[in-house]
Asker: 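Got a structure for you, questions after.
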Amino acid sequence: MKQRFIKKENNPRLLLFFAGWGSDERLFDRPVADGYDYLLCFDYRSPDFDYALLDGYREIRLLAWSMGVWAAGQTLAGRNYPWQMRLAVGGTPFPIDDRRGIPEAVFRGTLAHFSDAVLVRFRRRICGTAEQVKEFLSHRPYRPVEELREELQALAACACRPSASFVWDKAIIGTCDKIFPPANQREAWRDVEVIERDVEHYDGGLFDRLLSGEEDVWTKP
C-alpha cells in the first residue's frame, strides 16, 4: 500500500484517507481542514502499512471510500488510535458480496475483461454525469492500466476474507451509486448510522467538502 502525506505541518490532528481502487495522490490532492495533516493511502496491491506514520497524533479523523473501506478495516482492526470519527463513503466491509457489496459476477467480469476501454467505461460509470466526468478528468490518476489490473487481482484474492472487527461511526451512501448498489450498502450498514446523499459513487464536490471539513458529518451524535 502506498502512503503519501499530502499535507504535513506537524499538526496535532491527522486526516487519514483510504482512497478507492485505482486512485493516486493526484485524484485527492485537495485542501483539508486547518489544524490537520493529511495522509492518503492507495494502491492495495500489497497490504504493507507503516503504522509509525500515525504516531504522535492526538486526534485522527478517518475517511475511507469504496474499496478503501475494506482496506481501512483490514489495516486498522485491533489497533487503538485516538479516533475523532471513522467515516465510510460508498463502500462496505464486504466489497465482493452479492448482498452487501459489489455483486461477485460484476467484479469478476470487470477483472476478466479489464482493458483501457473498460477503465474508461468504469470511470464514466462512477461519475454518472458529464459534469462529474469532466471534474474527475481534471484530477484523474496517472497509473498504468496493467498496474490497475494487478490491484484488481490483489483485491479479488483477498477481499473475500472475513470482515475485520473494525467499528465505523457513520457511513455515507450515494443513492445514485452504480458500483456498490445502495440496497447492498444499507444491508451492510444495519448497525451503523447512515447518511444518504443524492450522489454517484464518485462526487468531487462531496469529497471537497469532506476533506475540508465543511460537511456536517464529522461530529459524533
Side-chain angles (χ1 to χ4, degrees), residues 1-4 16-28 39-51 62-79 86-127 136 139-166 168 171-174 177-185 187-189 200-202 207:
M1 181 183 319
K2 292 179 181 174
Q3 298 164 265
R4 299 281 189 272
L16 176 61
F17 183 17
F18 282 72
W21 165 78
S23 300
D24 68 3
E25 57 267 51
R26 176 176 165 80
L27 184 58
F28 291 111
L39 179 62
L40 178 69
C41 306
F42 62 96
D43 188 355
Y44 304 123
R45 288 178 293 170
S46 165
D48 294 344
F49 187 87
D50 184 358
Y51 294 95
L62 174 63
L63 174 64
W65 171 55
S66 193
M67 281 289 183
V69 175
W70 171 82
Q74 295 287 325
T75 302
L76 301 170
R79 294 179 174 268
R86 292 158 293 188
L87 177 65
V89 180
T92 77
F94 316 95
I96 307 173
D97 188 287
D98 289 341
R99 294 188 304 109
R100 299 170 296 178
I102 300 172
E104 185 169 359
V106 173
F107 186 94
R108 302 291 177 188
T110 300
L111 176 57
H113 302 288
F114 193 67
S115 64
D116 286 293
V118 169
L119 179 61
V120 169
R121 289 197 297 272
F122 174 81
R123 288 175 169 174
R124 288 175 180 165
R125 189 170 173 80
I126 67 172
C127 294
F136 179 92
H139 299 278
R140 72 182 180 277
Y142 288 150
R143 293 179 58 192
V145 168
E146 187 53 42
E147 184 176 297
L148 299 184
R149 186 199 311 275
E150 291 172 0
E151 188 180 1
L152 267 185
Q153 290 170 334
L155 290 167
C158 60
C160 294
R161 296 174 184 166
S163 65
S165 56
F166 185 76
W168 294 90
I172 294 179
I173 297 174
D177 196 322
K178 299 178 184 66
I179 306 302
F180 281 81
N184 289 17
Q185 292 186 58
E187 179 68 21
W189 296 121
E200 301 282 347
H201 187 66
Y202 171 87
F207 283 115

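Predicted model, so just to flag it, every value in this text is computed and none were measured.
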Asker: For the CG atom of L63 and the CZ atom of F18, what is their distance to the nearest 0.5 Å?
Answerer: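 The distance works out to 10.5 Å.
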Asker: Grab the two heavy atoms, one from P141 and one from S23, that are nearest each other, plus how far apart they are.
Answerer: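 What the structure gives for the nearest pair is CG-CA, 4.2 Å.
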Asker: Please identify each residue that fulfils ring pair (Phe, Tyr, Trp, His ring centres under 6.0 Å) with Y51, with sequence neighbours left out.
Answerer: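 Here the qualifying residues are F49.
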Asker: To the nearest 0.5 Å, how far apart are CG in L111 and CG in L148?
Answerer: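 Between L111 CG and L148 CG, I get 12.0 Å after rounding to 0.5 Å.
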Asker: Hey, are the side chains of I173 and F180 touching, using non-hydrogen atoms and a 4.5 Å cut-off?
Answerer: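 They are not in side-chain contact.
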Asker: By side chain to side chain contact (heavy atoms under 4.5 Å, CB included), which residues pair with E147, not counting sequence neighbours?
Answerer: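 For E147, the residues satisfying side chain to side chain contact (heavy atoms under 4.5 Å, CB included) (neighbours in sequence not counted) are K2, D43, R45, R143, P144.
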Asker: Between S115 and V145, does the side chain to side chain contact (heavy atoms under 4.5 Å, CB included) criterion hold? Intermediate values first, please.
Answerer: CA-CA 7 Å; S115 64; V145 168; 5.8 Å; no
Asker: Please enumerate all residues that pass side chain to side chain donor-acceptor pair (under 3.5 Å) together with T92, with sequence neighbours excluded.
Answerer: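 None.
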Asker: What is the distance from atom CD of Q185 to atom CD1 of I179, rounded to the nearest 0.5 Å?
Answerer: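 If we round to the nearest 0.5 Å, Q185:CD and I179:CD1 are 10.5 Å apart.
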Asker: To the nearest 0.5 angstrom, please state how far the OG atom of S165 sits from the CD atom of Q74.
Answerer: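 Reported to 0.5 Å precision, the distance equals 9.5 Å.
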Asker: Considering non-hydrogen atoms only, spot the tightest contact between A19 and F42 and give its length.
Answerer: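 Between these two residues, the closest heavy atoms are CB-CB, 4.4 Å.
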Asker: Checking F94 now: which residues fulfil ring pair (Phe, Tyr, Trp, His ring centres under 6.0 Å) with it, not counting sequence neighbours?
Answerer: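 Applying ring pair (Phe, Tyr, Trp, His ring centres under 6.0 Å) to F94 gives none.
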Asker: Mind listing the closest non-hydrogen atom pair of P181 and G101 along with its distance?
Answerer: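 Minimum heavy-atom contact is CD-O, 3.5 Å.
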Asker: Run the ring-centre check on W21 versus F114 and record whether the distance is less than 6.0 Å.
Answerer: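 Yes.
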Asker: What's the spacing between R140 CZ and D24 CG if we round to 0.5 Å?
Answerer: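 With rounding to 0.5 Å, CZ (R140) is 11.0 Å from CG (D24).
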Asker: Taking atom CZ of R123 as the centre, report whether more than 12 heavy atoms of other residues, nucleotides or ligands fall under 6.0 Å from it.
Answerer: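 Atom CZ in R123 is crowded, with more than 12 foreign heavy atoms closer than 6.0 Å.
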Asker: Looking at S66 and H201, what are the two nearest heavy atoms and their distance?
Answerer: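 In this case the closest contact between S66 and H201 is OG-NE2, 2.9 Å.
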Asker: Applying side chain to side chain contact (heavy atoms under 4.5 Å, CB included), can you list everything that pairs with F107, at least two apart in sequence or on another chain?
Answerer: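 Applying side chain to side chain contact (heavy atoms under 4.5 Å, CB included) to F107 gives M67, I96, I102, L152, L155, A156.
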Asker: What's the shortest heavy-atom distance between M1 and P47, and which atoms?
Answerer: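 Looking at all heavy atoms of both residues, the shortest contact is CE-O, 4.1 Å.
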Asker: For side chain to side chain contact (heavy atoms under 4.5 Å, CB included), just list the numbers for W65 and F207, CA-CA rounded to whole Å, side-chain angles, deciding distance to a tenth of an Å, and then say yes or no.
Answerer: CA-CA 10 Å; W65 171 55; F207 283 115; 3.4 Å; yes
Asker: Considering all heavy atoms of both residues, which atom of W168 and which atom of G73 are nearest to each other, and what is their separation?
Answerer: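 Minimum heavy-atom contact is CZ2-N, 4.2 Å.
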Asker: State, without any angle test, whether Q3 and D50 hold a side-chain donor-acceptor pair at a distance under 3.5 Å.
Answerer: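 Side chains of Q3 and D50: no pair found under 3.5 Å.
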Asker: Side chains of D97 and N184: does their closest heavy-atom pair fall under 4.5 Å?
Answerer: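 A side-chain contact is absent here, since even the closest heavy-atom pair is not under 4.5 Å.
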Asker: By side chain to side chain donor-acceptor pair (under 3.5 Å), which residues pair with Y202, not counting sequence neighbours?
Answerer: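 So Y202 forms a side chain to side chain donor-acceptor pair (under 3.5 Å) with R30, E135.
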